[in-house]
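Every chain is numbered from 1, with letters handed out A, B, ... down the list of sequences.
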Amino acid sequence: MARYDPKVVEPKWRAAWAEAEVFRAGTAPDRPKYYALEMFPYPSGRLHVGHARNYAMGDVIARFKRARGFDVLHPMGWDAFGLPAENAAAEHGVEPLAWTRDNIAVMREELKRLGLAIDWSREFATCDLEYYGRQQALFLTLWKRGLAYRKEGVVNWDPVDMTVLANEQVIDGRGWRSGAAVERRKLTQWFFRITDYADDLLEGLKTLDRWPDRVRLMQENWIGKSRGLRLTFALAGDGGGEGVSVYTTRPDTLFGASFLAIAPDHPLAERLAAGDGGVAAFIARCRAGGTSAAEIETAEKLGFDTGLKVFHPLDTNKKLPVWIANFVLMDYGTGAIFGCPAHDQRDLDFARKYDLPVLPVVLPPGENPAAFHVKQEAYLGPGRLYNSGFMDGLDVEAGKAAAIARVEAAGRGEGATVYRLRDWGVSRQRGWGCPIPVIHCGACGLVPVPEADLPVRLPEGLDFSQPGNPLARHSGWKHVRCPNCSGPAERETDTLDTFVDSSWYFARFTDPWAREPIGKTAAGAWLPVDQYIGGIEHAVLHLLYARFMTRALKDEGLLTVAEPFAGLFTQGMVTHETYRRQNGEWVEPSAVEVQPEGATRRAVIAATGEPLIIGDSEKMSKSKRNVIAPAAIADLYGIDAARLFVLSDSPPDRDVQWTSAGVEGAWRLINRIWAEFDAPAPGIDVSEDQVGAAAELRRATHRAIKAVTEAIEGFRFNSAVARLYEFVATLRRRPADRAGPGLLAARREGLSALARLVAPFAPHLAEECWARLGEPDMIARAPWPDYDPALAESDEKLLPVQINGKRRGEVRAPAGASDDEVRRLVLGDPDLGRRLEGLTVRKMIVVQDRIVNLVTG
RNA sequence: GGGGACGUGGCGGAACCGGUAGACGCAGCGGACUUAAAAUCCGUUGGCCGCAAGGCCGUGAGGGUUCGAGUCCCUCCGUCCCCACCA
């Protein structure tokens, strides 16, 4: 009996797959298409088992669908622009391109070692000129369509690194890399007009029935649609102009307004600041405030009374003061609010601080108008309007409608829909990204780089040693002639946010050889992605940007679908225990020995015996030194064991804790499976009834096929692996292989099914088993086993019998037995009869093939 | 502050539609093989009572609906995630 040796078997089959190009997509036009995709990795340098789990999941789907008769597209590439390469360049003086290419080379080999069913012929990196050059063409397309534009906006500015930071790069008000307090700065930046699609993106969520509810909800909240009233308050006195436009979702509380508040960035505030040092100083004070959650939580409400007054739009006898307030945001609504302190907590806090009137206008049910007062808590609940003129007596909803109607009739405003979603700022002051293909000409303004001059190539030899944008510092690159007037001009030195790179790569994969950015025929044939797999951390940003880009490209006629990802699965992480020395230094798991000690365990450094502190199981990270590399596992047990383990121990959308004992369990399974194929005929139990044994084995086989198939389809890989364990245990019991053609055939059927059921999880092992069965072709090309539903069911059921809901016995009944049959069996059962002595059966509930419950009086 | 998810043995988890709670794995315990150990194999393992047959309890806590609740409803406790001065 030959021991299974993954070190020999695994490379052999990987070479065979590559040689035969089994995973090449688009080779079977008669088959339906299936596009399986995992979010492509950032080439950070090393693969860890978290990657392995992510790609193993996609691989199970890809291999399963291939076996089920689909022409599967399962590509791989690299999300290759980004900061780590610049950091490496700054710290070690290496070119970002060289650093990235080296990392890709290492990670590609590591990925290949996972034995993934990937069409490697389609591989590309976003830092390839062939990719980002075409992205520049797409940028110009968006610009032409009015979906890209420049505007002055307030951005997160890192004063040390001298660059704009995305919101997600600001952690607790500080730059994630420099640690410097982030400033809010006004800068002219490029934006994508994602807000044009706000409603469409929201509506589209309803069609994504194979997305997790949680992700759809997060996107819905992020888009943040609200219905309300936009109205203008006319300024009293001179200097009035057009008045102040305000947005509210509570027009019903209009009569409770006691002040107007505008954002510090509001044009009116800036106009006032120009002539008043006090205003200017207040605005500066507001800008200094941090944006972290903690700071917002504790931030004091600050206000500045401008001295201006506005008329109440529904009651011109009433004038309201205009304040500048730090809690009003310029980029939501109109950047101005009316304050109704009685029914908004923030307004109330503000009113109490600055001694402004609090007039309740919604009377809670059961309250007396004379007795009801708002003290320190605003009233947000339902009720009847009062103190509200023509709206008195209406409920909140009717009041909203009435107020909107009246304001519209008076020509002072209109019902409006407002979204929380903001346009996507895509400018980055970075040197390692896709250059924005635009030229600034003193005479002609913004000029697109002509198509013939594309791509705009990143220059080599950029200086990353200083903070700021190396493209802007580069001596020659930015100086060009204007394509229009041939006068001296400058290139745009901002590069595109790397989220732009990842918002169309899935379309490029369908035809990476296309001359144009997107090969329309291939994209039309392959998209949408049938199953997309990736981390929950992209629930909003990447997944929303990709949905926007797909819509924009559809409107341009380049794509035929609006939704890029028909199915989405968000996988959990792989975690590992952390170990640290008494002095706090982290120790990597390979140096640690963990021993049981009573009910708990103790960890020591294996070499020295030095005791360690066992920490929580956490996401693998370099800083905590708890990273496990798949290669290390492959050396010990083979990559199939690692694949099996990361898929088996937890549901795929939950985190899984990596343990060496767990991998050893998977390794045991591999050896047990191999033993069945390697030694097909020992172990005889002659006393067994062979006909019965064959039937039982066939039942187990068809049951296993059914269970594993359904588990894979339902993304319950952990359950699928559990069913494999069970099935192998059944085969191992090995009733009698010696004689009886029925039994030998049943066993052969079982082994053939087993190999194919195992194949998505442990593909190398499966190939070896398949070959051992004498199959001439590879299992990678074999069809998924079918099951016979009749065979998967047993013809006799063991029905538990409950008396008053407690299990008290059981009866054997033929499958599908009628209520009456079961009744007779239950009443005729001597054990149950004894239990029912002295009791009257009032009711008998029979659930076919499942359970019986007797209710006694 | 708003929104959401989840609480099941020593551990990871299973139970898909309300129908035998704890599948499968890990760890533990007992045994076989071995001079011995490792590996492997067999058995066993929710708690309590009992020699046994068997009984009682049990899915965070409390209540409800139902013949029947881990699953549905209400209240509470705990953990985690997302968003957040969003008008």
Looking at every strand, decide which applies to [X] at a 4.0 Å heavy-atom threshold: base, sugar-phosphate, or nothing.
| X | result |
| --- | --- |
| A:V656 | nothing |
| A:R808 | sugar-phosphate |
| A:N853 | base |
| A:V855 | sugar-phosphate |

Want to settle it: does A:N221 or A:E710 sit nearer the 5' end of RNA chain B, counting the closest nucleotide to each?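 In this pair, the answer is A:N221.
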
Between A:L798 and A:A661, name the one whose nearest nucleotide on RNA chain B is closer to the 5' end.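 Its nearest nucleotide lies further toward 5', so the answer is A:L798.
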
Interatomic distance at [atom1], [N] relative to [M], whole Å:
| N | M | atom1 | result |
| --- | --- | --- | --- |
| B:G54 | B:A61 | C1' | 31 Å |
| B:C72 | B:G10 | C1' | 32 Å |
| B:U44 | B:C26 | C1' | 16 Å |

For a quick check, tell me whether the side chain of A:R716 and the base of B:A14 share a donor-acceptor pair closer than 3.5 Å.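 In this structure, the two groups form no donor-acceptor pair.
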
Given the structure, check if the side chain of A:R422 and the base of B:C86 hold any donor-acceptor pair shorter than 3.5 Å.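 Pair found.
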
In terms of side-chain geometry, is the basic nitrogen of A:R216 or A:E220 positioned less than 4.0 Å from the acidic oxygen of its partner?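 Salt bridge absent between A:R216 and A:E220.
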
Does this structure show an ion pair linking A:D344 with A:R250, if we count only N-O contacts that are shorter than 4.0 Å?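 Between A:R250 and A:D344 there is no salt bridge, as every charged N stays at least 4.0 Å from the carboxylate O atoms.
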
Under a 3.5 Å cutoff, is there a donor and acceptor pairing between the side chains of A:S650 and A:N718?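 Note: A:S650 and A:N718 side chains miss the donor-acceptor criterion.
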
